[in-house]
Amino acid sequence: MTVKKPWEGRFKEQTSSKTEFFTESISFDKALYPYDIQGSIAHVTMLAQCKILSDDDAQKIISGLNEVKNELEEGNFTFNSSDEDIHMAIEGRLTQIVGDVGGKLHTGRSRNDQVAVDTRLYVKDILNETDKLLEKLLATLVKVARENIDVIFPGKTHLQAAQPVLFSHHMLAYYEMFRRDRERFSDLMKRVDVMPLGSAALAGTPHPIDRFITAKLLGFSKVSENSMDSVSDRDYLIEFCSASAIFMMHCSRLSEELILWVTSEYNYISLSDAHCTGSSIMPQKKNPDVPEIIRGKTGRVYGNLINLLTMMKSMPMAYNRDMQEDKEPLFDTAKTLLGVLDILPDILEGMKVNREKLKGISEEGFPTATDIADYLVKKNLPFRDAHHIVGKIVAEAEKQKCYLKDLPLNILKSYSDLIEEDIYPFLTVEGSINSKASYGSTAKEMVLKRLQEL
Ligand code: ARG
């Protein structure tokens, strides 16, 4: 059955089926139906309050919209690709239900501002959900850091043993990254929380509508200022995808570490069986699939950001149909973001830390060498000279195949007579960690202080 097009009046020929197939968005923008109906109910309510529609007509339209909503919720709605998009599908079905009065719904608005209000409502919901899930992720990191407060960890730079740190300190580094992510998402809310409806196609409308009423009904705190910008702004989607891309970069860093840490070569941690899978051929395998997939999904989220930035580049004002291409990257980003946030805390909770291995490995690679240099600096030797002396001490320990803490005092003294017995506490990994006094350092006292704040 061919559905009547709203623009039929101007056209002599029917839209070709290829055009319909190529231009439709209903196959994916149907996800916006709850927001579209919410927006329409608010719009009609406002039209009635402004005496543009009679209360009676508004009531009929609202009850019709609720009926359409029920059909959509219960899966009884018949989608038709010639409906083009969710906005037309809903209005079309409304008119079937309530008759010609349904045609009054579109007074003082267009699909251009409608799609903007729908996606803004959608992103607001996703942001609220994201905030809750990020709060849980942060709480999990704090819990893991607390439970492992005494675990020593080999701090690295260039992936080489550098200086011993507390495992909690390492975990809390991710806390800071995700805390900034949470801040970024909540910060962009103020730019999403702006109501565009009533901008109509691009120029506004001659009807005496009150956009502030619509904003209030929909829970927006602001009304957009410029009708042309209202229908062509996609910054809020780009910002959402950008914050998501940064978040995924953090998740990917963490995932990469987890993947390395569970290898037999590292053996720093193990992940719960619940989050791993086996191999169909190699019976010994236990693969960290969840972190791998998180790392892999980072690519699509970056891609979605670049997709939107490129789609919007050179976009002349105001609305252009290119913008329909914003939905799939948006939905895909939201789905990926929520999916990752849902599982990541479980992975961290299920992680078991191999304390013994970590303590042992933290001793390797002369990680307390800098502590000897700092010791000499405290005795007034310039850091550069101290660095040179310690280089020689490290070479000596390497030759003797022992740890720095095992070198006898007379040997240490042969490199610098500033060295005394009191150096030894700094040569153990615990001593090295706890000697750090700078704000934000890995010293247990400092980490405990941060945990207290959190
Ligand atoms: N499906 C369209 C989109 O997603 C809705 C707006 C259509 N506007 C138009 N002038 N054809 O962008």
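Each residue takes its place number in the sequence, starting with 1. Read the numbers this way: they start at 1 and go in the same order the structure lists the ligands and their atoms.
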Does ligand 1 come near enough to H87 that some N or O of the ligand is less than 3.5 Å from an N or O of the residue? no
Give a yes or no answer on whether the side chain of S199 reaches the backbone of G204 with a donor-acceptor pair at less than 3.5 Å. no
Classify the contact between K327 and ligand 1 as side chain, backbone, both or neither, using a heavy-atom distance cut-off of under 4.0 Å. side chain
Side chain to side chain contact (heavy atoms under 4.5 Å, CB included) partner of D36, chosen from D118, L65, D85: D118
Atoms of ligand 1, numbered as shown, that sit under 4.0 Å from any heavy atom of Q324: 1 (N), 2 (C), 3 (C), 4 (O), 12 (O)
Checking a contact table here: which protein heavy atom is nearest atom 11 (N) of ligand 1, and how many Å away? R111 NH2, 3.4 Å
With a 4.5 Å cut-off on side-chain heavy atoms, are D235 and R191 touching? no
Reference residue F247; test ring-ring contact (aromatic ring centres under 6.0 Å, His included); the match among F178, Y302, Y174, F240: F178
The protein heavy atom nearest to atom 8 (N) of ligand 1 is N112 OD1, 2.9 Å
Going by the atom numbers of ligand 1, which of them fall below 4.0 Å from some non-hydrogen atom of S25? 1 (N)
Side chain to side chain contact (heavy atoms under 4.5 Å, CB included) involving K60 - partner list, sequence neighbours excluded: D56, D57, V101
Just by distance, with hydrogens left out, do Q114 and H43 show a side-chain donor and acceptor under 3.5 Å apart? no
Closest non-hydrogen protein atom to atom 7 (C) of ligand 1, residue and atom name please, with distance? Y319 OH, 3.6 Å
With atoms numbered from 1 as shown, which atoms in ligand 1 lie under 4.0 angstrom from a non-hydrogen atom of D85? 1 (N), 2 (C), 5 (C)
